[in-house]
Amino acid sequence: MTDRADARRAAGAAAMPAAFSAARVGAMVLRYSYLLRSSWPRILDLIYWPAVQMLMWGFLQLYIAENSGFFARAGGTFIGAVLLWDVLFRGQLGFSISFLEEMWSRNLANIMMSPLRPAEFVAALMIMSLIRLAIGLVPVTLLAIAFFGFNLYGLGLALVAFFVNLILTSWAVGIFTSGLLLRYGLGAENMAWTIMFIFLPLTCVYYPVSALPDWLQVIAWMLPPTYVFEGMRALLIDKVFHAGLMAQALALNAVFFAAGVFAFLAFLRSARRIGSLLHTGE
Amino acid sequence: MTQAPAIAVENLVKVYKSVTAVAGVSFSLPPGSMTALLGGNGAGKSTTIAMLMGLVEPSAGTVHVLGARMPGERYRVLHRMNFESPYVDMPMRLTVRQNLGVFARLYGVADVAARIAALADDLDLVELLDRPTGNLSAGQNTRVALAKALLNTPAVLLLDEPTASLDPDTADWVRARLDKFRKENGATVLLASHNMGEVERLCERVIIMKQGRIVDDDTPAALLARYGRATLEDVFLDVARGRGEAARAQLRQDAGDAGEKPAPAREAAQ
């Protein structure tokens, strides 16, 4: 053994890595951005479906508005709803797909064996969720202005409150889903694609909570996005911003996020017990 | 002064539901040693290595790597470990340089570009650096995986079939690089392999596993002498087909006569 080896061992022993490293988060973001940049179908896919949905709901709203006084007054609620729904849905999908990329490429064991910590991994997935959301939604919001004169950015500070609450819910669900994938492998992949759809009827994206039966309304009010979609309708129809609704959503999101992290860590522990980190197939 | 072992495994057990993959394994590896873990399919080698990496939690027993108990204290030492396995890939759409760059940053390598250049030079990857990893041949992929495993100049290196898919010439060349790396850096290397020539050439110690237990543990020369065989491959076949029991019984008797314990038990007692 050489002196160089002794010196390196001594240096290595002293160099305890930081508990949270922005450099390691940056490395993972770099990894996902390389992937996105290398594949134009991936980028097109981010824009395609949100654009199709927005156009469909936008034309439907135009048609209804021409034949109904109420919908004429409620201009933009459908387009606003579909755009905010995409924040929720695409936010979670952006998180989960980045995670799935590791499983599809059989790279997860490399990642789990590296000094990357779970909190850093999650932070990188959150950043990628925002990047993918921006790539997908910004062009679509511009299309909404061009086709229907609906300016989402005209909602101002209310949009910030809506966005923060929706993205927090999407991350909480994304963290939970990633835990499921760790534990159950690609057999749970469909959950990553479809789990958010349970929120579509229950959070009343396109209709008020009062449209639900009483017992279902109780469940709806347990979900943070319900407050956002109610708040959006109040703003667009009654021109009133309910800060209280956003505060309630934020409090519920804190609970959802904590539950998502707790579930993720529990699934990770379970994955270590059953050995599914090394074999992440079906 | 006796050096603390780089890897210390004591009474390690792993049970998956009703299947016992590892059934009470003990060994310790001194710093700078190169050891082979041999055994047929299902012998428990991969599970043992996975527990050393902290990817699998033991059902019982303990694993210490560089003084850190795995998996609980793994973040103390993961930056000083690395591994290579044919069962794990790197993202195929990324170029070799991009993949190595990402992992270098994850492992906290100081000068990423210089380290990649040095490894590319050493492992003959210069021409491959800007090619997508998915476009490489199996042999080229193995060399890239080895480069990834050496990025952080690990103090503990775990290798699963390091020369799988390589032609004999390239495999020989890779073995020479591994040997050089170990000698220059004092790294502790544990490799699982089915290539007995590789084991004889590289390793000063061989641990043979069968059905989750260590059935023999000694130097290649001592194993050859004990089983009366010319190659480790024949020793492996003797163990796999149950013909080695007589040799081991003789060993136990000899050890008993001399008041010693046989090799595996001696190791476990350390």
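Everything numeric here is computed off the predicted structure, so don't read it as measured data.
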Tell me, side chain or backbone of [X] under 4.5 Å from chain A's heavy atoms, or both, or neither?
X: B/Tyr107; result: both
X: B/Lys17; result: neither
X: B/Leu94; result: side chain

>> ring-ring contact (aromatic ring centres under 6.0 Å, His included) for A/Phe199 and A/Phe89? Distances and angles first, verdict last.
In response: CA-CA 9 Å; A/Phe199 285 72; A/Phe89 178 56; over 10 Å; no
> Which bit of A/Ile274 comes within less than 4.5 Å of chain B, counting heavy atoms only: side chain, backbone, both or neither?
Replying inline: backbone
Compare all side-chain heavy atoms of [X] with those of [Y] and state whether any distance is below 4.5 angstrom.
X: B/Val144; Y: B/Asn99; value: no
X: B/Val77; Y: B/Met70; value: yes
X: A/Met196; Y: A/Thr177; value: no
X: B/Leu150; Y: B/Leu157; value: yes
X: A/Phe176; Y: A/Phe264; value: no

>> One pair to check against side-chain contact (heavy atoms from CB on, under 4.5 Å): B/Asp160 and B/Glu84. What are the steps and the verdict?
In response: CA-CA 6 Å; B/Asp160 196 356; B/Glu84 190 225 323; over 6 Å; no
>> Just so I understand: if I count every heavy-atom pair under 4.5 Å between each of B/Lys148, B/Glu57, B/Arg105, B/Arg93 and chain A, which residue has the most?
In response: B/Arg93
> Among B/Val56, B/Asp89, B/Leu78, which residue forms the greatest number of heavy-atom pairs with chain A at distances under 4.5 Å?
Replying inline: B/Asp89
>> Which one wins on heavy-atom pair count under 4.5 Å against chain B: A/Met28, A/Arg24, A/Glu101, A/Glu120?
In response: A/Arg24
>> Between A/Met112, A/Arg31, A/Arg269, A/Met113, who has the most heavy-atom pairs with chain B when the cutoff is under 4.5 Å?
In response: A/Met113
> Would you say B/Lys14's side chain and B/Gly212's backbone share a donor-acceptor pair under 3.5 angstrom?
Replying inline: no
> Is it true that B/Asp179 and B/Lys183 have a side-chain N and a carboxylate O under 4.0 angstrom from each other?
Replying inline: yes
> For chain B, which residues from residues 38-47 of chain A have at least one heavy atom closer than 4.5 Å to it?
Replying inline: A/Ser38, A/Ser39, A/Arg42
> Side chains of A/Tyr32 and A/Glu102: do they bring a donor and an acceptor to under 3.5 Å?
Replying inline: yes
